[in-house]
Amino acid sequence: MPRRERRSVVANEPVGPYSLLRLERGGLDAGAPGQFFMLEAPGRLLPRALSLCLAPPGELAFLVDPVGPATEALCALDPGERIAVFGPLGNGFRLDVERPLLVGGGIGIAPLPYLAEALRFPPAVLGFRSERHAEAAALLPGAEVVVDPTLVTDCNLVGFDVLACGPEPMLHAVAELCPGAQLAWEAPMACGYGACYGCAVEIDGELKRLCVEGPVLAAA
Amino acid sequence: MRLLNASGCLDALVAPDVARQLDGFVTKTITPLPREGNAPPRIAETAHGMLNAIGLANPGRARFLDEHLPRLRELGVPLWISVGGFCAADYAETCAALDAVEAIELNLSCPNVDEAADSAAEIVAACRAATALPLYAKLSAAHPDVTEVARAVAHAGADGLSLVNTLRGTALDRTLRPALARVAGGLSGPPLKPIALAAVYACYASTQLPIVGMGGVETGRDALELIACGARDVALGTVLFADPDAPARVRDELARAAEEARVAGPDDAFGVAHVSEKAPQIRQKVVA
């Protein structure tokens, strides 16, 4: 069982419309790229699932998109404030790949900087809906950036070991082009450790818990 | 006082360390046939609470008995088996297939599936005939008078009550569409606590059956209040989602909460909320 600890905020840095929430790591393990943590959202009943974006020495950093009261509360945390952090949880990306290519869309780029480090900075293609959102591409130096993409098929994915995270339509499109791609999915999640059965998604024709079986799954 | 989990709020096989903090593990409800559960999305957060519409996802009776139960027994935690169905015979057949477990909890009140055709009392009576194991009836506070159902299941042979299940509710997303695919789900978390206290208080007074109190317990003080209203045991539900260490924490807090309430220990708080009723009333001076 992973640990749950109260950790202090080191900094909350704006990255375009997102925030990079940097926390003291304490005794927590950073885990594998693609794994996630449950972060207490001040004032809310349930924590929020966020994949690790970066693991600087002594820190855990998460890219947060303020889309609702919980993520807004996370983005508003000040240095020194403490929140409960539980993880790492779930299954991350497999790193035994020959020609890795990272594909990210919007806030879905969150796990890619940490993944890029582990894979020694492979090529990456990122899509964003606006120039302002695309400022987050700074977290992944050298990535090819497309603003307001409509067709994933514009990229040449064939022949690569694709590792992707982004909006569902993007993941479905990647899956179609690259059978065997590793895709990081998202679902509403109350607990993150298999207790609530809330994050059920269809896997191989059966409803399974994304937090236990995923969040990274091989494209069928 | 035993500290349990509320059914459906913990998977002991995935999180054995959490289950081992408890005095008993209550399984997810087992139905005769396997159930995938409802279509996603099936959870949504509300102000101070949450909705779930899982829909009794479970491996079904045969697979539960063959694969899950032997692995659960290895945990060394007393097992409570939550049993569900769609008619009295469904429940009774599962009860008949169980032995060597701590208790059976009959889920008579899931808000996320169609209601069983038979009444709570008919289901309990059928199960009573099928097993000698302790039978707890899990009831909802949605009934206009929960004590009426409590008395009926007591009469039908229930050994105890589990109070309360979730209450049906709906949440809308930003675009004013239902947040849950099934539209309505069961509301849980702190908003349930006053409802649970009222149900436990009333059913304790009207049946004297042992009660597992649950609904919105987040702290040791919450658990102590249920005990004071007449709960012998307490179950943790939604709090386990946010805090897997909640059982150990609540147990620590209980001792302190008892001290602050000036009772010797948590068990000494049992039923004390009722004591004032027995105290002599001050008579009003009658003026002739």
Side-chain angles (χ1 to χ4, degrees), chain A residues 1-6 27 37-49 66-74 83-91 168 185-215, chain B residues 5-6 8-21 28-29 34-59 112 171 173-174 179-181 185 188-191 216 218 236-246 249:
Chain A
M1 192 79 175
R3 296 163 68 103
R4 181 174 183 269
E5 294 184 0
R6 293 187 69 76
F37 290 75
M38 298 302 286
L39 269 56
E40 175 190 1
R44 305 300 297 177
L45 182 69
L46 300 174
R48 289 299 185 273
V67 291
T71 42
E72 280 161 11
L74 285 170
I83 56 166
V85 183
F86 175 40
L89 296 159
N91 299 309
E168 271 194 31
W185 299 86
E186 192 177 41
M189 217 172 257
C191 70
Y193 70 101
C196 76
Y197 288 75
C199 62
V201 292
E202 197 176 314
I203 300 170
D204 301 334
E206 265 183 78
L207 286 179
K208 291 184 183 167
R209 289 168 287 185
L210 193 65
C211 70
V212 175
E213 309 278 339
Chain B
N5 64 292
C9 295
L10 184 64
D11 181 345
L13 296 179
V14 171
D17 297 348
V18 181
R20 288 198 192 97
Q21 295 174 45
K28 231 175 134 48
T29 296
R35 287 177 59 87
E36 281 224 299
N38 295 322
R42 44 192 198 180
I43 56 164
E45 196 179 31
T46 64
H48 316 296
M50 72 172 280
L51 295 171
N52 87 78
I54 309 301
L56 302 185
N58 80 94
N112 294 321
D173 67 14
R174 287 182 158 198
L180 301 175
S188 67
E218 294 221 294
L236 305 178
T238 302
V239 69
L240 289 170
F241 299 157
D243 181 5
D245 302 324
R249 175 178 59 77

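Reminder, nothing fancy here: chain letters follow the sequence lines and each chain counts from 1.
- Here the side chain of B:Glu45 pairs no donor or acceptor atom with the backbone of A:Arg44 at under 3.5 angstrom.
- Summarising the geometry, atom SG belonging to A:Cys191 is positioned 9.0 Å from atom CG belonging to B:Leu10; distances are rounded to the nearest 0.5 Å.
- Counting only heavy atoms from C-beta outward, the side chains of A:Tyr197 and B:Asp11 approach each other to under 4.5 Å.
- In terms of heavy atoms, B:Phe241 sits closest to A:Pro47 at O-CG, 4.3 Å.
- Below 4.5 Å, heavy atoms of chain B meet heavy atoms from A:Leu207, A:Arg209, A:Val212, all part of residues 207-214 of chain A.
- Within the 4.5 angstrom heavy-atom criterion, no atom of A:Glu202 approaches chain B.
- Counting heavy-atom pairs closer than 4.5 Å to chain B, the top-ranked of the candidates A:Glu206, A:Met38, A:Glu40 is A:Glu206.
- Here the closest heavy-atom approach between residue B:Pro244 and residue A:Arg4 is recorded as CD-CD, 3.7 Å.
- Neither the backbone nor the side chain of B:Val239 comes within contact range of chain A; no heavy atoms are under 4.5 Å apart.
- Heavy-atom pairs under 4.5 Å with chain A peak, among B:Asn38, B:Leu13, B:Val14, at B:Val14.
- Interface residue B:Asp245: only side-chain heavy atoms are found under 4.5 Å from chain A.
- The choice from A:Ala190, A:Ala70, A:Gly68 that makes the most heavy-atom pairs within less than 4.5 Å of chain B is A:Ala190.
- For B:Ile54, the part sitting under 4.5 Å from any heavy atom of chain A is the side chain, from C-beta outward, and nothing else.
- For a residue to count as touching a neighbouring chain, one of its non-hydrogen atoms must lie under 4.5 Å from one of that chain's; by this rule A:Arg48 touches chain B with the side chain only.
- Of all heavy-atom pairs between B:Glu36 and A:Gly205, the closest is OE2-O, 4.2 Å.
- Using a 4.5 Å cut-off between heavy atoms, A:Ala187 makes no contact with chain B at all.
- Taking 4.5 Å as the limit, some side-chain heavy atom of A:Leu45 sits within range of a side-chain heavy atom of B:Pro190.
- In terms of heavy-atom pairs under 4.5 angstrom with chain A, the leader among B:Cys9, B:Ala53, B:Pro41, B:Ala57 is B:Cys9.
- Taking every heavy atom of both residues into account, A:Gly198 and B:Arg42 meet most closely at O-CG, 3.6 Å.
- If you measure heavy-atom distances from B:Asn5 to chain A, you find no contacts under 4.5 Å at all.
- Note: A:Cys196 leads A:Pro188, A:Cys196, A:Gly194, A:Gly43 in heavy-atom pairs under 4.5 Å with chain B.
- Contact annotation for B:Pro16: neither backbone nor side-chain heavy atoms come within less than 4.5 Å of a heavy atom of chain A.
- The environment of CD in B:Glu218 is crowded: more than 12 heavy-atom neighbours from other residues, nucleotides or ligands sit within 6.0 Å.
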